[in-house]
Amino acid sequence: MAEVNAMMIRAGCNFVAKKPVLDVKRSGFGIPVFGRTVWCNRRRTSGRVGNGVKAVMQVDLEDAERLRRLEGLEATLGLDVVAERELKEKGFLGMRKTKLVCTIGPACSAIEDLEKLALEGMNIARLNMCHNSREWHCDVIRKIKKLNEGKGFCISVMIDTEGSQIHVVDHGAPSSIKVEDGSIWLFTAEKFEGYRSFTVQASYEGFSEGIQVGDSVVIDGGMATFEVIEKIGNDLSCKCTDPGLFLPRAKYSFWRDGRVVVRNHESPTLSSKDWSDIEFGIAEGVNFIALSFVNGADPVKHLKNYLSTKSAKSVRVLAKIESLESLQNLEEIIEASDGIMVARGDLGVEIPLEQIPAIQEEITSVCRELNKPVIIASQLLESMVEYPTPTRAEVADVSEAVRQYADALMLSGESAIGSYGQKALSVLQMASCRMELWSREENRENFLPHYQLGVSLHDRIAEEICNSASELANRLSVDAIFVLTTQGHMASLLSRNRPRPPIFALTDDDSTRMALNLQWGVFPLRIELSEDIEANIWRGIELVKSKGLVKQGDSVLVVSEISPARAASMASQSIQLKTIA
């Protein structure tokens, strides 16, 4: 208890020492549980931290009253069947904590293929609105919902907006074209249908403004490179200097003297097509919207405000970091968004390749500091688009992202168009588990810096309780952390600390449950929550026990923040240690 006392004092609580309640049997469930409870009862106040905050034992409800409250609660759990299987096979510490995102495309859109990805550990299905028809996307979303409802999966859905097309060129052919060294190509803004030999159509009419003879045109971050040899009105005549593959609807950038040519285009982040796709996503009940070509915080705030008026369910907005300007405004973008995607492929078009590793680590670190989930995307296992095994360098790249404590890893072409999508996902799963094991063995979570986020009394207490709970969980080697949450905030604060045990988030809000699929180490559970904290805790333990997920001798740390109905002017936060006896 001395450790608990010290940690609760750090959270701004004047701890009142009590003897722990031991060997208390809750006859209504038949679960003997040894419990230690630390409560913080916080009055709503505008005062400073330490204004009369006390920690006391919760003893005011009798078991009979508690059981009466429990009788009406829904007895479903909603734990993803793959996570449940992993827990039973590997135990609590063996559960993979890094989340996996798969881009759905023609190679994996059949319901049988989607189920294979789900069984291999897919947590989030991403739909790229640049490709395929609205009907195709609708069909995929409904298949995923069918798998969730019928097979017990918990897969969230993300749509990725197309964004401004000022950076896109297209040669008109249905597939990639081999560009030969020395060949001459015309880059034009003229609109035409189909394919013209050695002609590339730019989507933006002013694409050549400010470009000089001698500048380089880099396609898809280096898939092919051209040199501007002549300006013909608004068109550019270009000579191939680095041959390679030219994909349909490829991204391009102009370079001069080893640096990207920065130009100010007055183009909105969200196009009319993007708004139409967003309306579609709201109607279909997607969980995440990834915003392309974000250069500042305003487009993110605008979209979040729009969603708050249009959707009854909470839809999370992720910002994609894929341009030099987005790096210059990184912190404000992260603060405004609900999460970040590091689009390394597009980012590599605008910055030197050798800077990508350091920038990835910096973005990951800032996201954890500001408590926002981060996805590492693009070219993780690019060779597996064509081959059944990855290169060793790709596995090292994946492992490095896991070592940096990224929340999630994403497959793009590997799953969308590749022949070995399921195998690629298996590689991510195996590499993640192995690196997580190494991190635990090295106690790397102990070296993570802590940054204060909270400003208000409420937020600072919640933050300190989660910091202390994570430290307690590691020091006491508990098996799991349970958190009662409505909007997912306490669960995300726990995840931010990257504790060793898995975090089981009990929530009655389905949009929160699906959003928590992106948080590192969090496994969302569905349970009806009442205003009675003790009732919620006992109900959660009973449901988990009924599934065979906890056994005699397991110890769990329970963190909660629910406003009790009996005192509307109070809100309670607690850390409880319980041992299944």
Side-chain angles (χ1 to χ4, degrees), residues 1-5 7 18-39 57-59 63 66-67 70 75 77-97 433 436-437 439-441 443 445-446 465-466 468-484 491 494-495 497-506 521-525 527 533-560 574-581:
M1 289 298 288
E3 278 185 336
V4 178
N5 294 0
M7 291 180 184
K18 298 272 186 177
K19 290 185 178 180
V21 180
L22 296 178
D23 205 12
V24 179
K25 182 163 183 175
R26 306 294 183 180
S27 57
F29 297 107
I31 314 174
V33 177
F34 298 101
R36 295 171 184 259
T37 306
V38 179
W39 284 85
M57 301 298 293
Q58 175 78 4
V59 293
D63 284 350
R66 188 170 294 118
L67 289 171
L70 293 175
L77 194 59
L79 178 64
D80 182 83
V81 291
V82 176
E84 182 179 333
R85 180 192 66 194
E86 193 172 41
L87 173 56
K88 291 179 177 179
E89 291 177 355
K90 301 180 180 179
F92 288 107
L93 289 182
M95 299 182 75
R96 169 179 49 82
K97 297 179 176 63
C433 288
E436 289 171 9
L437 174 61
S439 294
R440 287 196 303 272
E441 291 173 345
N443 297 319
E445 70 282 348
N446 293 335
I465 280 182
C466 290
S468 298
S470 298
E471 190 173 345
L472 274 173
N474 292 339
R475 289 189 178 186
L476 301 180
S477 299
V478 303
D479 294 292
I481 301 173
F482 281 45
V483 56
L484 305 178
L494 287 165
S495 171
N497 287 281
R498 304 303 194 244
R500 292 176 208 162
I503 303 163
F504 292 95
L506 283 67
V522 177
F523 301 90
L525 308 178
I527 178 175
I533 300 175
E534 280 292 288
N536 294 327
I537 293 171
W538 289 109
R539 185 55 154 175
I541 290 176
E542 168 65 7
L543 288 176
V544 172
K545 181 175 181 293
S546 70
K547 300 284 285 187
L549 303 181
V550 294
K551 61 183 183 301
Q552 180 178 343
D554 286 345
S555 59
V556 297
L557 201 67
V558 184
V559 181
S560 62
S574 71
I575 302 175
Q576 302 188 40
L577 176 61
K578 295 184 177 292
T579 303
I580 308 300

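Numbering starts at 1 and runs along the sequence shown.
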Give the C-alpha distance, both sets of side-chain angles, the deciding distance and a yes or no for side chain to side chain contact (heavy atoms under 4.5 Å, CB included) between I580 and I541. CA-CA 9 Å; I580 308 300; I541 290 176; 3.9 Å; yes

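One distance of note links CD1 of I465 with CG of L472; it measures 11.0 Å at 0.5 Å rounding. Annotation: the span from N536 atom CG to L506 atom CG amounts to 8.5 Å, rounded to 0.5 Å. Put simply, CG on L476 and CD on E471 are 10.0 Å apart, with the number rounded to the nearest 0.5 Å. Rounded to the nearest 0.5 angstrom, R85 CZ and K88 NZ are separated by 11.5 Å. Residue I537 holds its CD1 atom at 14.5 Å from CZ of R539, rounded to the nearest 0.5 Å. To the nearest 0.5 angstrom, S470 atom OG is 6.0 Å from I503 atom CD1.
Listed here is the closest heavy atom pair of K545 and V550: CA-CG2, 3.7 Å. Taking all atoms of both residues into account, the shortest heavy-atom contact from A83 to M95 is O-CE, 3.6 Å. Between V558 and K578, the shortest heavy-atom distance links the atoms CG2-CD, 4.5 Å. Residues L494 and C466 come closest through the heavy atom pair CD2-O, 3.6 Å.
R498 is not listed as a side-chain neighbour of S439, based on a closest heavy-atom distance of 4.5 Å or more. Inter-residue side-chain proximity for L549 and L79 is flagged as met; some heavy-atom pair is nearer than 4.5 Å. Using a 4.5 Å heavy-atom threshold, the side chains of P501 and N474 count as touching.
Under the 3.5 Å distance criterion, the side-chain polar atoms of K97 are matched with a main-chain donor or acceptor of R500. The closest donor-acceptor contact from the side chain of D80 to the backbone of V82 lies under 3.5 Å. Remark: the backbone N or O of A491 is not paired with any side-chain donor or acceptor of S495 at under 3.5 angstrom.
Looking at residues two or more places apart in sequence or on another chain, you find a side-chain contact (heavy atoms from CB on, under 4.5 Å) between D479 and F92, D554, S555. By the ring pair (Phe, Tyr, Trp, His ring centres under 6.0 Å) test, F523 pairs with F504, sequence neighbours left out.
Within a 6.0 Å radius of CD in E441, other residues, nucleotides and ligands contribute more than 12 heavy atoms.
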